[in-house]
There are 2 protein chains.
Amino acid sequence: MQPTPMLVAVDLVVLTLRSGELEALLVRRGVEPYAGRWALPGGFVEPGEDLVDTAVRELGEEAGIGRLRPHLEQLATYGSPDRDPRGRVVSVAYLALVPDPGDPVAGSDAADAAWRAVGTLGRSRSLAFDHARILRDGVERARAKLEYTSLAAALIPEPFTVNELREVYAAVWGVEPDPRNFHRKVTSADGFVVETHATTTRGGGRPARLYRRGPAVQLHPPMLRG
Amino acid sequence: MQPTPMLVAVDLVVLTLRSGELEALLVRRGVEPYAGRWALPGGFVEPGEDLVDTAVRELGEEAGIGRLRPHLEQLATYGSPDRDPRGRVVSVAYLALVPDPGDPVAGSDAADAAWRAVGTLGRSRSLAFDHARILRDGVERARAKLEYTSLAAALIPEPFTVNELREVYAAVWGVEPDPRNFHRKVTSADGFVVETHATTTRGGGRPARLYRRGPAVQLHPPMLRG
DNA sequence: TAAATAGTGTCTGTAAGACACTATTTT
DNA sequence: AAAATAGTGTCTTACAGACACTATTTA
C-alpha cells in the first residue's frame with residue numbers, strides 16, 4: 001500500500017511582553033479558507049528546507065523578527081485529518097519568545113498583523129483552523145518553562161533590571177512575586193543573569209543594576225509558582 | 001507557488017523496564033533502505049487517520065501492546081530534508097511507556113523485533129535513519145518527566161510495591177534513592193499512588209503493601225534527582 | 001536465631017516566603 | 001523632607017537527605 005503525501009506547514013506561536021501583558025503575534029488571513037480571520041503566522045515547508053528553517057524564515061517574513069535572535073523551540077505537531085478544509089495538512093508548531101519588536105509590518109501573504117493579549121484568545125473560537133488550541137498549548141508551555149529555565153529573560157530587551165525581569169513573571173503567571181525574595185533568588189541562581197557595571201533609573205527611585213542573560217538554560221533552584 | 005506534498009510517518013519510542021534496565025522496542029527492517037538494520041517501530045500516516053491513531057495502531061501491530069493501555073505522548077517531529085533517502089519524509093515521534101509485555105511478536109512489516117537496553121543505543125550509529133537521535137530524545141524526555149510527574153508507575157505492572165517503583169527510578173536515573181526517604185515521599189505525595197488492601201512477599205522479607213497508580217499527573221512536591 | 005525487606009521517627013541543612021530594615025535616587 | 005524603587009538581613013516553616021530504629025516475614 002502506497003503512503004499518502006500530505007502538506008506540511010509550520011505555524012508560529014510568537015510571544016512577547018507589551019505594556020505588562022503577554023501578547024501573541026497574529027496575522028489576518030487574506031485568502032480562503034478563513035479569509036479575514038486572525039490566525040497564527042505560518043506557511044508551508046519548502047522542498048529541501050528543514051522545519052526549523054521554515055520557522056526562522058516565517059519569523060523574518062511575517063514580522064521582521066529574525067534580527068532579534070528569538071528563543072525558538074518546537075512546540076508540537078497537529079495533524080487531525082479535518083483541521084484544514086483544503087485537505088490533509090500537518091502543521092508543526094514552533095514557539096518563539098522575543099523582546100517586544102514594536103508594531104509589526106504586514107508580510108506578503110498577510111493582509112494585516114497585530115499583537116494581541118493572550119488572556120482571552122485561547123478560549124475563543126475567533127482564530128482560524130485549530131490555532132486557538134495551538135496558541136493555548138504554546139502559552140502553557142511558556143508558563144511551565146519559566147519555572148525551571150531562564151526563558152523569562154528572552155521576553156525583554158537587554159540589558160534589563162531585576163524588576164523588569166520580575167514583571168515578566170507577574171505578567172505570565174498572573175502573580176506578583178515578592179520583589180525582595182525575587183531579587184535574592186535571581187541573583188543567587190547560578191548563571192541566570194550576569195551583571196553589567198551599568199545602572200539605570202528608568203524605573204524611578206534608586207538606580208537599579210542592569211543585567212544580561214546568563215549562560216544557564218536550566219535553573220537550579222527553579223522559580224516556583226506556589 | 002504551490003506547496004510540496006511530503007510523506008508523514010509516525011515513529012515510536014517504546015520504553016519499558018526489564019530485569020532492572022530501561023529498554024526500548026526495536027524492529028529489524030526487512031526492506032530497503034537500511035534493510036537488516038534495527039529501527040524504531042513506525043509507519044506512515046494513513047488518509048483520514050489522526051497522528052495519535054497512527055501511533056496507537058503501530059503499537060498494536062508491532063508488538064501487541066495496545067491492550068496494556070500504555071502512556072502515550074507526542075515527543076517531537078523530525079523533518080530534516082535528507083533524513084530519508086527515499087525522499088522527503090517528516091516523522092512525528094511518539095513516546096510510549098508500558099509495563100513489560102514480554103518478548104515481542106514480529107509484526108507484518110518487521111522481520112524481527114526485540115527489546116534492547118537504551119544505555120549504549122543513543123550514542124551508536126547502529127539504528128536506521130535518525131532513530132538514534134529520536135531514541136535519545138525520548139529517553140531524555142522520560143528521564144526528565146519522572147521528576148515531576150507520576151510517569152514512573154506506567155513502566156511497571158499494577159499492583160506494585162513501593163520498592164518496585166523505586167527500582168524504576170534507579171534504572172532510569174542510574175541513582176539509588178534512599179529506600180526509607182523514597183517510601184515517605186511516594187506515600188505522602190498527593191495522588192501519586194493509592195494503596196490497596198493487599199500485600200505481597202514476592203520481594204522477600206516483611207510483606208509489602210501493594211499500590212495502584214494514583215490520579216495525580218503532576219507531582220507535588222516533585223521527586224528530585226540531586 | 002539470622003537475614004532480608006518494609007516502614008517510621010528524628011536530626012540537620014537548605015531554601016522559600018514573610019517582612020523589617022537600609023540605600024539611593026527624584027520631586 | 002517625602003515618595004519611590006533597589007537591595008540586604010532575619011525569622012519561620014517545609015522539606016530533602018542521612019540514618020537510627022522498629023516491624024514482619026523467610027530460611
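Below, read A as the first sequence line, B as the second, and so on, with proteins coming before strands; counting in each chain starts at 1.
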In [range], what residues come within less than 4.0 Å of DNA chain D, judged by heavy atoms?
range	value
residues 145-169 of chain B	none
residues 188-201 of chain B	none
residues 204-217 of chain A	A/Gly204, A/Gly205, A/Arg206, A/Pro207, A/Ala208, A/Arg209

*Validation row: A/Asn163, A/Phe182 side chains within 4.5 angstrom (heavy atoms)*: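 The answer is no; the side chains never approach within 4.5 Å.
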Specify the closest pair of heavy atoms between [X] and [Y], including all atoms of both residues, with the distance to one decimal.
X	Y	value
A/Leu95	A/Leu75	N-CB, 4.2 Å
B/Glu58	B/Leu12	CB-CD1, 3.7 Å
B/Thr196	B/Leu210	OG1-O, 2.7 Å

*Is there a side-chain polar atom (N or O) of B/His183 under 4.0 Å from OP1 or OP2 of C/dA6?*
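So the side-chain polar atoms of B/His183 never come under 4.0 Å of the phosphate oxygens OP1 or OP2 of C/dA6.
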*Which word best sums up how the rings of A/Tyr169 and A/Trp173 line up, parallel for under 30°, tilted for 30 to 60°, or perpendicular for over 60°?*
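Rings of A/Tyr169 and A/Trp173: perpendicular, as their planes differ by over 60°.
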Rounded to whole angstrom units, what separation is found between the [atom1] atom of [X] and the [atom2] atom of [N]?
X	N	atom1	atom2	value
A/Asp178	D/dG9	CG	P	16 Å
A/Arg202	C/dT25	CZ	P	16 Å
B/Lys185	D/dC15	NZ	P	11 Å
B/Glu176	D/dA18	CD	P	13 Å
B/Arg180	D/dA20	CZ	P	8 Å
A/Phe182	C/dA15	CZ	P	17 Å
A/Asn181	D/dA6	CG	C1'	14 Å
A/His220	D/dA16	NE2	P	15 Å

*May I ask you to decide whether A/Asp137 forms a salt bridge with A/Arg133, counting only side-chain N to carboxylate O separations under 4.0 Å?*
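Yes.
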*From OH (B/Tyr148) to NE2 (B/His220), nearest 0.5 Å*: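 If I round to the nearest 0.5 Å, the distance is 11.5 Å.
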*A/Ser91 side chain vs A/Tyr78 backbone, donor-acceptor pair below 3.5 Å*: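 Checking the backbone N and O of A/Tyr78 against the side chain of A/Ser91, no donor-acceptor pair under 3.5 Å is found.
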_Counting neighbours of CZ on A/Arg69 that are heavy atoms of other residues, nucleotides or ligands and sit closer than 6.0 Å, is the number greater than 12?_
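Open.
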*More than 12 heavy atoms of other residues, nucleotides or ligands under 6.0 Å from CG of B/Asp190: is that the case?*
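Count not over threshold, so no.
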*So what does A/Pro179 touch, heavy atoms closer than 4.0 Å: a base, only the sugar-phosphate, or nothing?*
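Touches nothing.
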*asked:* Quiz question: going by heavy-atom distance under 3.5 Å, is there a donor-acceptor pair between the base of C/dA15 and the side chain of A/Arg184?
replied: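 Result: no qualifying N/O pair found.
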*Are side-chain N/O atoms of B/Glu73 and B/His71 paired as donor and acceptor at under 3.5 Å?*
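B/Glu73 vs B/His71: donor-acceptor pair found between side chains.
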